[in-house]
2 protein chains.
Amino acid sequence: MPSHDLPQDVSFQRQGHTELTAPPPLLTGEGGCPIRDVLDRIGDQWSLLVLAALEPETLRFNTLLRRIGDVSKQMLSRTLRRLEEDGFVHRTVYPEVPPRVEYRLTELGRSFLEPMRGLVRWADRHQAAVEAARAAYRARIGE
Amino acid sequence: MPSHDLPQDVSFQRQGHTELTAPPPLLTGEGGCPIRDVLDRIGDQWSLLVLAALEPETLRFNTLLRRIGDVSKQMLSRTLRRLEEDGFVHRTVYPEVPPRVEYRLTELGRSFLEPMRGLVRWADRHQAAVEAARAAYRARIGE
DNA sequence: CAGGATCCTCCCGGATACTG
DNA sequence: CAGTATCCGGGAGGATCCTG
């Protein structure tokens, strides 16, 4: 069986990006796959929610904790550090007792929410369609 | 309900959480936060990559498997079933021997990729800024 | 109050084998 | 070829305790 695979278009695989003909560039980028990048950034459970929470106003750690509601201190801390590291969030420590730490979006972080709005709008608009598709699926198979 | 913005309040908490601090639930006729919805849909490791792979052309299971490269059969199978259930992907079985199954995007699935492009474009444009922020962070602390 | 350290649990997801 | 069933290890992430 001569079925040894010749990968035809590996342009959005991790790392192994030997550049070759990409018929329609579309979502596959050069070098690192942009979709992978995006996923690495916002694919986790909390980053987006933190950004959304900070969108209207600067918040302190514990306030953020309560606002999101179902995130643990550990995860919030990790998420914030990552967001700070990536330049999405700015952290300000006020040398007071008790300590006060405020988090606010940077311009970069704010600019990121822009395209996110498109996604949210999509979810809004097509929620019914998705629901319908699920119902149809259940009717066809799930039953 | 007009096209709503990113939540200004606690309206993006998961339902089933006893509310204590914030008064108004603001938007959301019923407890779903759009951001949570989006995350639930594309937050997983593979959905987006599958959609992207199917964007230019209809593909068969094993082809898809190789195209993505680092996904297991199990996860691809699960992902495809979820995408089919949600109406993003259509599955066609050809009664042949050996069996042939093709996956293609539905209009819904295709429309979803539209706002995704915005995100990809953002990642493209700001990749350098993120990298710079990381370098600055490392210089400040990581060292 | 902000968050690090530690422990521990659960489940995601890869590998493999099997079926139609 | 197109999946499903089973096993299993590693990591995500919650709970708790502890510091400054």
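Just so it is clear: chains get the letters A, B, ... in the order the sequence lines come, proteins before strands, and each one is counted from 1.
Protein atom CG of B/Leu59 is 15 Å distant from nucleotide atom C1' of D/dA2, rounded to whole Å. For the pair B/Met75 CE and D/dG10 P, the computed distance is 19 Å after rounding to whole Å. Taking atom CG of B/Asn62 as the reference point, atom P of D/dG3 lies 9 Å away to the nearest angstrom. Atoms CD1 (B/Ile68) and C1' (C/dG14) sit 15 Å apart, rounded to a whole Å. Atom CZ of B/Arg66 is separated from atom P of D/dG3 by 14 Å (rounded to the nearest Å). A/Leu64 places its CG atom 14 Å from the P atom of C/dC1, with the value rounded to the nearest Å. Between the CZ atom of A/Arg91 and the P atom of C/dA2 there is a distance of 10 Å, rounded to whole Å. Across the protein-nucleic acid pair, B/Lys73 atom NZ and C/dG14 atom P stand 13 Å apart, rounded to whole Å.
Close to C/dG4, at under 4.0 Å from its OP1 or OP2, lies a side-chain N or O of A/Arg81. For A/Ser77, a side-chain nitrogen or oxygen approaches OP1 or OP2 of C/dG4 to under 4.0 Å. Between D/dG14 and A/Ser72, a contact under 4.0 Å exists linking OP1 or OP2 to a side-chain N or O. Of the side-chain N and O atoms in B/Arg60, one or more sit less than 4.0 angstrom from OP1 or OP2 of D/dA2.
Not a single donor-acceptor pair, N or O on each side, falls under 3.5 Å between the base of C/dT16 and the side chain of B/Gln74.
Taking the six-membered ring where tryptophan is involved, the planes of A/Trp122 and B/Phe112 are perpendicular, since the angle between them exceeds 60° and thus also 30°.
Considering CG of A/Leu54 and CD1 of A/Ile68, their distance stands at 7.5 Å, rounded to 0.5 Å. A distance of 10.0 Å separates CD in A/Glu57 from CG in A/Leu64, rounded to the nearest 0.5 Å.
Residue A/Tyr103 is classed as a sugar-phosphate contact, given heavy-atom separations below 4.0 Å to backbone atoms only.
Taking every side-chain heavy atom of A/Pro99 into account, C/dA2 is the closest of C/dA2, D/dT4, D/dG13.
The backbone N or O of B/Met75 lies less than 3.5 Å from a partner atom in the side chain of B/Thr79, making a donor-acceptor pair.
When the side chains of ILVMFWY residues are joined at heavy-atom separations under 4.5 Å, either directly or via intervening members, A/Leu59 and A/Val93 end up in a single hydrophobic cluster.
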